[in-house]
Amino acid sequence: MYLSRFYLPLMKETPADAQIISHQLMLRAGMIRQGAAGIYSWLPLGYRVLKKIEQIVREEQDRAGAVEMLMPTIQSAELWRESGRYEAYGKEMLRITDRHDREMLYGPTNEELVTEIFRAGTRSYKDLPKMLYHIQWKFRDEIRPRFGVMRGREFLMKDTYSFDLTEEAARKSYYKMFVAYLRTFNRLGLKSVPMKADTGPIGGDLSHEFIVLAETGESQVYCHRELIDMAVPGSDVDFDGDLEPFVRERTSLYAATDEMYDEKEFEKVPEDDRITARGIEVGHIFFFGTKYSAPMNCVVSGHDGRNVPVQMGSYGIGVSRLMGALIEAYHDEDGCRWPVPVAPFHVGLINLKPGDEESDRLCREFYAKLQGAGIEVLYDDTPARPGEKFARMDLIGLPYQMVVGPRGLATGHVEVKERHSGERIELTPDEALDHVTGKIISALVPA
RNA sequence: CGGGGCGUAGCGCAGCCUGGUAGCGCAUCUGUUUUGGGAACAGAGGGUCGCAAGUUCGAAUCUUGCCGCCCCGACCA
């Protein structure tokens, strides 16, 4: 992409409304624009990141055996009356009336709808287990939206629903999602810690929040130090095999958010290993048994021919919120520092002097070769001054910058800057190309 | 929903108390000089002062109502 064609409205000054770094940088780097409280447009740069996050989430869901579908944003109130949640949900649910005075709602979640879909198409235990998911916009009319996309009213969420015959089988589905989540956040470049969450009236041990540690997190969290750098299952993990060891490894050490915090239990952790921090909830997995299947009559014939309600669980990832979490985790005073897998472009190619024949020629050559290697390039071909170009590229935070200009070319060199470390090296054009290509390609292969 | 704050040019703000027909910095446009980490000079364009009503000869400024946004709290499968 040529910068001269791209739409990238940057701001030098920080808008007064934005309180936290991720919100400030998303506005300054031209990634989002607020439409109303907690509602944002995704501008081209931000949308590219959102799609990358979404795609990684999708790949890991598919790997775990979940099946993608798409349910609508608008739902009928009728279904929610079946489950009893239409009244229970309260004002957080945005209620809409259509021209025929039918009661509708903008979905805050999809348990009812997916249960209806599943009951309509499933008769026998032989059709189980199944996991269905979709990635769709949700709306929750939060009393007070804040922190930009971290706590918006409209947000993009991946939600998976599992259907099993027995609680024991449901546990296996739960473990699949547990492992998929570890892999997903790891691929995004985030260190996540699963923490015990409130299971509500169902009870049991099957609810976890996945927390990314960050100073600006909304929840106070407590955990054992070893959880933070624990290696995640590799891409060769067998989702049909026994996943319990992975789960046990992660859940045997203490980790809890504020609401589940137990001081006495935490004090059993050796003092040096106790970590008290702030965290951002990026995922939540939950087993809820027959909470919806029973009232909504989502049943299958069991081995004995009798109908039994299916055992269900739901598993959410806040896709749009993750973007905020990523910036909170990866930024410095100059701007964003995107990890390669989610970067809006991989390389920022800076032509310091458009119009200079040799600079133009080499930039065009770099651009073609990088694109040919499957690398996404944002080529700054604008006539702006060098200082502005550098500052701009630092702000939007592409992982690598290649700087081409007459001064370097006089000695046959170009500069390569790694945004994350800030390291700058002088290389010949061929070396620079190999260096950058190699780094990016290897960073794109999922572990 | 309770408490607080704010709404003046694309962004950041001053002016309001003490009414007199709108200003600063950045950004934008033109020209000249510059040119490797957010240039300098000269000039230019851009605002129904959130909306409505009221007071007044006259309202960005005073009064009332409404709308919107932000912060703290409560809330957050």
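Small disclaimer: the values here were computed from a predicted structure and weren't measured.
- For the OP1/OP2 pair of rC76(B) and a distance below 4.0 Å, the side-chain nitrogens and oxygens of Arg153(A) include no atom meeting the criterion.
- Side-chain proximity of Glu13(A) to rA74(B), rG38(B), rG25(B): nearest is rG25(B).
- In this structure, the nucleotide among rA74(B), rG12(B), rG38(B) sitting nearest to the side chain of Leu395(A) is rG38(B).
- Checking Arg140(A) against Lys91(A), the closest nucleotide of RNA chain B that is more toward the 5' end is the one next to Lys91(A).
- Taking a pair to require two hydrogen-bonding distances under 3.5 Å in either a Watson-Crick or a G-U wobble arrangement, rG2(B) pairs with rC72(B).
- Counting to the nearest Å, the C1' atom of rA27(B) and the NZ atom of Lys12(A) are 8 Å from each other.
- Base-pair partner of rA52(B): rU64(B) (Watson-Crick or G-U wobble, both distances under 3.5 Å).
- Ser314(A) comes within contact range of no nucleotide atom at all, as no heavy-atom separation falls under 4.0 Å.
- Residue contacts for Lys417(A): at a heavy-atom cut-off of 4.0 Å it reaches a base atom on one of the strands shown.
- Ion pair Glu59(A)/Arg63(A) not flagged as a salt bridge, since none of the NZ, NE, NH1 or NH2 atoms sits closer than 4.0 Å to an Asp/Glu carboxylate oxygen.
- Taking for each of Leu10(A) and Phe155(A) the nucleotide of RNA chain B with the nearest heavy atom, the 5'-most of the two is the partner of Leu10(A).
- For Arg424(A) against rG37(B), a side-chain N or O and a base N or O form a donor-acceptor pair under 3.5 Å.
- Not one side-chain nitrogen or oxygen of Gln401(A) sits closer than 4.0 Å to the OP1 or OP2 atom of rG37(B).
- Protein atom CE of Met11(A) is 18 Å distant from nucleotide atom P of rC26(B), rounded to whole Å.
- Distance Lys291(A) NZ to rA77(B) C1': 7 Å, rounded to the nearest Å.
- With rounding to whole Å, Phe139(A) atom CZ is found 14 Å from rC76(B) atom C1'.
- Rounded to a whole angstrom, the distance from the P atom of rU35(B) to that of rA40(B) is 14 Å.
- Across rA60(B) and rA9(B), the matching P atoms stand 14 Å from one another, rounded to whole Å.
- The partner of rA44(B), taking Watson-Crick or G-U wobble pairs whose two distances both stay under 3.5 Å, is rU28(B).
- Arg5(A) and Asp381(A) are not joined by a salt bridge, as no carboxylate oxygen comes within less than 4.0 angstrom of a charged side-chain nitrogen.
- Base pairing annotation: rA77(B) forms no Watson-Crick or G-U wobble pair, as no partner gives both donor-acceptor distances under 3.5 Å.
- Among the nucleotides rC70(B), rA77(B), rC72(B), the one closest to the side chain of Phe286(A) is rA77(B).
- Distance from the side chain of Ala37(A) is smallest to rC69(B) among rG38(B), rC69(B), rG36(B).
- Between the CD atom of Gln19(A) and the P atom of rG12(B) there is a distance of 12 Å, given to the nearest Å.
- Salt bridge absent: Lys369(A) and Asp434(A) never bring a charged side-chain N and a carboxylate O closer than 4.0 Å.
- Atom P of rU18(B) sits at a distance of 39 Å from the matching atom of rA74(B), rounded to the whole Å.
- Neither OP1 nor OP2 of rG38(B) sits under 4.0 Å from any side-chain N or O of Arg385(A).
- Across all strands shown, rU34(B) has no partner, as no Watson-Crick or G-U wobble contact with both distances under 3.5 Å is found.
- Comparing the P positions of rC71(B) and rA27(B) gives a spacing of 28 Å, expressed to the nearest Å.
- The residue Pro406(A) sits close to a base: some heavy atom pair falls under 4.0 Å.
- As rounded to the nearest Å, rU56(B) and rG20(B) have C1' atoms that lie 12 Å from one another.
- At the heavy-atom level, Met157(A) lies under 4.0 Å from base atoms of the strands shown.
- In this entry the distance linking CE of Met93(A) with P of rA77(B) reads 15 Å, nearest Å.
- Contact annotation for Gln34(A): backbone-only contact, meaning every heavy-atom pair under 4.0 Å involves sugar-phosphate atoms and none involves a base.
- Within the 4.0 angstrom heavy-atom criterion, only backbone atoms of the sugar-phosphate kind lie near Ala36(A); the bases stay farther away.
- For a distance-only test at 3.5 Å, the side chain of Glu388(A) fails to qualify as a donor-acceptor partner of the base of rG37(B).
- Using a cutoff of 4.0 Å between basic side-chain nitrogens and carboxylate oxygens, Glu82(A) and Arg119(A) are scored as salt-bridged.
- Using C1' as the reference atom, rG12(B) and rG36(B) are 29 Å apart when rounded to the nearest Å.
- A 3.5 Å limit on both hydrogen-bonding distances identifies rC13(B) as the Watson-Crick or G-U partner of rG23(B).
- The pair Arg361(A)-Glu357(A) does not count as a salt bridge, with every side-chain nitrogen at least 4.0 angstrom from each carboxylate oxygen.
- For the P atoms, the distance from rU64(B) to rC24(B) is 33 Å, rounded to whole Å.
- In this structure, CZ of Arg321(A) is placed 14 Å from P of rC76(B), rounded to the nearest angstrom.
- Atom name C1', nucleotides rG15(B) and rG47(B): the rounded distance is 14 Å, in whole Å.
- Salt-bridge formation is detected for the pair Lys138(A)/Asp159(A): a Lys NZ or Arg NE/NH1/NH2 atom is positioned less than 4.0 Å from an Asp or Glu carboxylate oxygen.
- Residue-level contact check: Gly408(A) touches the bases, meaning some heavy atom is under 4.0 Å from a base atom.
- Ion pair Arg85(A)/Glu111(A) flagged as a salt bridge, since at least one NZ, NE, NH1 or NH2 atom sits closer than 4.0 Å to an Asp/Glu carboxylate oxygen.
- With hydrogens and angles ignored, the 3.5 Å screen pairs a side-chain donor or acceptor of Asp360(A) with a backbone N or O of Gly355(A).
- At whole-Å resolution of the value, CZ in Phe390(A) and C1' in rU35(B) are 11 Å apart.
- Contact between the side-chain N/O atoms of Arg144(A) and the OP1/OP2 oxygens of rC71(B) is found at a separation under 4.0 Å.
- As judged by a 4.0 angstrom heavy-atom cut-off over every strand, Glu415(A) is placed among the base-contacting residues.
- Arg81(A) and Glu87(A) are joined by a salt bridge, as a carboxylate oxygen and a charged side-chain nitrogen come within less than 4.0 angstrom of each other.
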